[in-house]
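The next block holds one structure in the form of structure tokens; read it before the comments.
We name chains A, B, ... by the order of the sequence lines, and we start the count at 1 in each one. The structure displayed is predicted, hence computed values, not measured ones.
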Amino acid sequence: MSKSMARSWDWDSLDCRAQLDEIFFRQHDYIQAGSLEHKEFWSFFDRFQRFKTKKDMSAHLGVPQEYDARYRINVSVCTRDVEERLGKSEHKSTRRSSGPGSQEISDCRLALLHFLDFSQRQSFAKLAKLRREQKNLPIFQYRDRIVELVRHYPVVVVAGDTGCGKSTQVPQYLLSAGFSHIACTQPRRIACISLAKRVSYESLNQFGSKVGHQIRFETTRTTATKLLFLTEGLLLRQIQQDRMLAQYQVAIVDEVHERHLHCDFLLGVLRSLMSERPDLRLILMSATINIKLFSDYFSGAPVLQVPGRLFPIQVIYQPIPPEEQPSRSEKLDPRPYLRVLQGIDQRYPPEERGDLLLFLSGVAEISTIQEACQIYATHTRRWIILPLHSTLSLAQQDKVFDIAPPGVRKCIISTNIAETSVTIDGVRFVVDSGKVKEMSFDPKAKMQRLQEFWISRASSEQRKGRAGRTGPGVCYRLYAESDYNAFAPYPVPEIHRVALDSLILQMKSMGLGDPLSFVFIDPPPAASIQTAVMYLKEQGALDSHGELTSIGSLLAQLPVDVVIGKMLVLGSLFKLVEPVLTVAAALSVQSPFLRSAQHNPDCGTARQPLHSNQGDPFTLLNTFNAWVEIKGERGGGSRKWCRRRGIEEQRLYEMVNLRRQFKDLLRSHGLLESEYSDSSDGDRGKRRERLTERKKLHQLKRDHEQQGGTRRKVLKLDEGQDGEFSSGSDTEKPGRHKKDKEESEQNVDIQEVKFKLRHNMSELQEAVGVSQDLSSRQQALLKLLLCRGLYPQLALPDEHNSTRKDSEQVFHTRNKQGVVIHPTSVFASDPEVLHVRDSSRHQLLAFVTLLETNKPYLTNCVRVPALQTLLLVANSVDSNADCTRLVVDGWLELELREPEEALRALSTALTLRAEWERLLMAQLGNKTLGGAAEQGASRKVLEKLSEGLVRSLLYTEISYSLRRLAAFQTQNLYIGPQPESELSHIQAPDLKALYPGAEAKPDPIKGGLRVTSFFTYNCLADSKDLYSECLRTFWSCPNCDLYMPLTPLERMQHEGSCRPAGEQQAEQEGKKAGSSSASSLSRVYHCDVCNEDLTLTSTEILKHKRHS
DNA sequence: GAGCACTGC
């Protein structure tokens, strides 16, 4: 180039460029070394130099030799030190042997100025195009009208169909009109992210960081944010903290027509807030369906209707002929679907592009049709068949966005995930089966049900609309027009179909009063609300008056199901937080185990070491722990580790996020001690190391964001022919294939980058390490905690299971008989561990969900020792006189062989449970943990309790039988009530000091004595012929000198108060052995036959009944 | 022997 170049200056050398980088692209410069723009500059530079050379040879072609400062550049690249260097090197250029001279620096500066000018001009062109597009949107005509309406009315409804631009434009109109602090809710996270990005781009960052998004684990919100896109659930959480929603001036609720649970609830909450916040502006945005409902709900709010902008779509009704309609429990007939593919091949030349989207109801249906279509596709070589549903791996789901090679169409066979959640461009044909699977809730059996239904007209239109996004389309409906007309107009709102437990709990904690009188937009059935209230009472979240208890208000703060929330609370109480955090997180995300991998024997073998025959939550725990270990050892290698086992790594990342959120919440509610200060986190060197790593990670993340995600690949014709796990696709293949794989392995895994930025790996490892190898004692305790959380979700193995085939094992829950284990559970492949091998080892299954599809299935099961667990978790335990017969929750009957053992077990359970309850209440009542001394003391008590639970109860071997009561048996279970006035002479022992909540009053319904809130003594109509005198047996107390005949109750009472000498001093609550006793077990009984009042014991009553 | 889809300070 210049003649002075002899000095070894080479523009192409990396070294020379690096030297210029140090001058122009430093950390605080407009463009930084390493950024995308920096890369672009150097490629621009090359082109620019070539152009200059060419121009030197030819004539002047517009590029000035020197850059003219009148250009639009508003960034200075001529900082003082650059000027200085220019000056210096001009003088001393001859002395310098290497490095850029003044010529090089000014060359580079010229190029940089041209580059900036060029990119700015480019963005002006972009801007002009953008503004044109904005003005072309249907909603643009209504811009002033919308602003005017919002200024004058507290609530406005904007209704517009797909493509009218309401989601992106309305918030911008409001911003330009001077509104700020705008919240715009979306039902889905992705929508929040992409809308924030889009609006920020459209306003050319005119609002800078003033447009942001916030979702559960991610936010770009700053104090400067004026417009925030957030999820509906998140806004609800914010209202829970900030009742008046003072942080916002405007709330936009988008997609209200989708009628999600959160959305319906949010509308209700906002409606009740309007009177207290007259200044708040509320805008509902909806598709043009059912608008009147929303307007009426807000006392006739004005509606602005905007036409949509879709391309025309031709609708063809092709009802399935009767002979091809599948009868019940039969596979779908693929012929109607194949005919559509054939028809398209005949009618449309392959060079006319356009893909096909086929809606079916479920995964099984998709597989059936996929198989048939694949045969056709292989034969014609004109189609690539791709399944799409949420249980596919994310990598496989992503394939639907890839491009088919010329002359080939994609045929995407999808569930209704493609109706709203996933939008695929380039779809020209839609095939609609008209079916959908929907979840409903059966409150009687406490069971979820997944059933197939006809879709609604609204869904039908939504599916059709997917064909007209990028051009005119065709929609084939595989039902008759008359069917369409008979469809319900809208889908059933979610609030009508699901269990309302969490919703009611939220309402209570938000102080919204009686849920039955709350004005919902479309109130759920009263029975559904009542069921939820009852359930919450049973769980102790609400008291008998329906008011929130302390545990209830805590559970309301935890963003999990009530069942999971209870586990978390118990886990922190028993210092088993780490494993419980993992289990709670695992049960709150989609299963990390991919179904498609289940058939692959290699995956099965690789997964085997992770399996725990204690139950599915333990398998999940093992998996998470193993992954954390791998992650620490070989970082990026975890991806491969997951793939080999058919595990979706994304789910494990989600678990880490959840774990941390749960931990923070437990800590902020005083259930966990706060983390020690960071000083323990190693030496300075380590911290510096981590800091440099974080810098690198941030750069990787920025690069990824600037690249705008991944580029679309072109699909191969044989794509989708086999799943990713079949035919050993995991084994390394020689040649090109292997190279591809290695390359992709080196690609930046953006999820891992984000994960590393958010979490401190060594901290996680340390925390998890605690739970890595649970002692059998801890495992027993953990099971108990999980079970108490899951209660009353318990199932009893059928007594004949050991004679049945593996696949025909039957179980019974209290409300539903004949349920089976889901094939994905560890117990489906290993049912022998549930069989009764000896009479001291009966087991129950605690389960997370009971879902009926073809059959009622139990998922996520844990096996627990029956008697011991029941005594500790059951809501009601009823006994006969010598406690050898127990009835639990009115449906399980246990008969113990040895009265001695029976009594000991019951007595131990009562004591431990009382202690447990006391600790729990102390923990909950005591928001901030006391001083170290108190903590130490409570830790001791706790250790004793844990020890007691495990050693004295869970490990105890007691011989007993276990069966479920038949319907007729439950009818005459109890002795029955006696009028209280006639019982006054019975001296009830004072057990209050012994067991908190102890009443020891005659039970007015069951009869017998109600000893604690869950235990009623001697209320069973026992078949054994026992007189009260026989109940007294000689007994010697192991702790003191007492030796005398006592009734069982007296014994329990004594045992509860008489502790070993060491313990006695710790227990300062002066309690004395009951002076009075329940010796008089007889009471007044009115016999209807004799019409006489008799004073009899319970067994005498029974005898009397038989004879009279 | 087999499960729609979302979501949570």
*Nearest-nucleotide comparison on DNA chain B, the residue closer to the 5′ end among A:Pro823 and A:Gln506*: A:Pro823
_Under-4.0 Å side-chain N/O to phosphate OP1/OP2 contact, A:Thr824 with B:dA2_ = no
*Name the nucleic acid region contacted by A:Val363, choosing base, sugar-phosphate or nothing; use a 4.0 angstrom heavy-atom cut-off, strictly under.*
sugar-phosphate
*Between B:dC4 atom P and A:Asp432 atom CG, what is the distance in whole Å?*
17 Å
_Checking contacts here: which listed nucleotide (B:dT7, B:dC4, B:dG8) is nearest the side-chain heavy atoms of A:Asn416?_
B:dC4
*Atom CD of A:Gln397 and atom P of B:dA5: how far apart are they, to the nearest Å?*
8 Å
_Need one value for A:Gln557: base, sugar-phosphate or nothing, where a base atom within 4.0 Å counts as base even if backbone is also close, heavy atoms only._
base
_Of the listed nucleotides B:dG8, B:dG3, B:dA5, the one nearest the side chain of A:Asp561_ = B:dG8
*May I ask you to say what A:Val820 touches in the nucleic acid, namely base, sugar-phosphate or nothing, with a heavy-atom cut-off under 4.0 Å?*
nothing
*Considering only side-chain heavy atoms of A:Ile417, which listed nucleotide, B:dA2, B:dA5, B:dC4, is closest?*
B:dA5
*Any A:Tyr857 side-chain heavy atom under 4.5 Å of A:Val820 side chain*: yes
*Mind calculating the distance between CD (A:Gln462) and C1' (B:dC4) to the nearest angstrom?*
15 Å
*Grab the NE2-P distance between A:His496 and B:dA5 for me, whole Å please.*
23 Å
_Within the 3.5 Å criterion, strictly below it, is a donor on A:Asn416 or A:Arg463 matched to an acceptor on the partner's side chain?_
no
_Short side-chain N/O contact to B:dG3 OP1/OP2 from A:Thr391, under 4.0 Å_ = no
*For A:Asp242, answer base if it contacts any base atom (sugar-phosphate contacts may also be present), sugar-phosphate if it contacts only those atoms, and nothing otherwise; contact means non-hydrogen atoms under 4.0 Å.*
nothing
*Check whether more than 12 heavy atoms from other residues, nucleotides or ligands sit under 6.0 Å from atom NE2 of A:His181, and answer yes or no.*
no
*Ring centroid separation A:Phe811 to A:Phe847 under 6.0 Å*: no
*Donor-acceptor pair between A:His389 and A:Glu365 side chains, under 3.5 angstrom*: no
_Proximity to the side chain of A:Ser421 - top-ranked nucleotide from B:dC6, B:dT7, B:dA2_ = B:dC6
*If you look at every strand shown and take non-hydrogen atoms under 4.0 Å, does A:Thr859 touch a base, only sugar-phosphate, or nothing?*
base
*asked:* Please confirm whether the shortest side-chain N or O distance from A:Arg189 to OP1 or OP2 of B:dG8 is below 4.0 Å.
replied: yes
*What's the shortest heavy-atom distance between A:Cys603 and A:Arg645, and which atoms?*
SG-C, 4.0 Å
*For B:dG8, take OP1 and OP2 only and decide whether either is under 4.0 Å from a side-chain N or O of A:Asn657.*
no
_Between P of B:dT7 and CG of A:Leu503, the distance in whole Å_ = 18 Å
*Can you tell me the distance, in whole Å, between the CZ atom of A:Arg259 and the C1' atom of B:dC6?*
16 Å
*Would you mind reading off the distance between A:Arg463 atom CZ and B:dA5 atom C1', rounded to a whole angstrom?*
12 Å
*Any idea which of B:dG8, B:dC4, B:dA2 is nearest the A:Arg216 side chain?*
B:dG8
*Out of B:dG8, B:dA5, B:dG3, which has the shortest distance to the side chain of A:Thr231?*
B:dG8
*To the nearest Å, give me how far apart CD (A:Glu371) and P (B:dA2) are.*
16 Å
*asked:* Please pick, from B:dA5, B:dA2, B:dC4, the nucleotide with the shortest atom-to-atom distance to any side-chain atom of A:Leu450.
replied: B:dC4
*Looking at B:dA2, B:dG8, B:dG3, which one has an atom nearest to any side-chain atom of A:Ile215?*
B:dG8
*Below 3.5 Å, does any donor atom in the side chain of A:His389 face an acceptor in the base of B:dG3, or the other way round?*
no
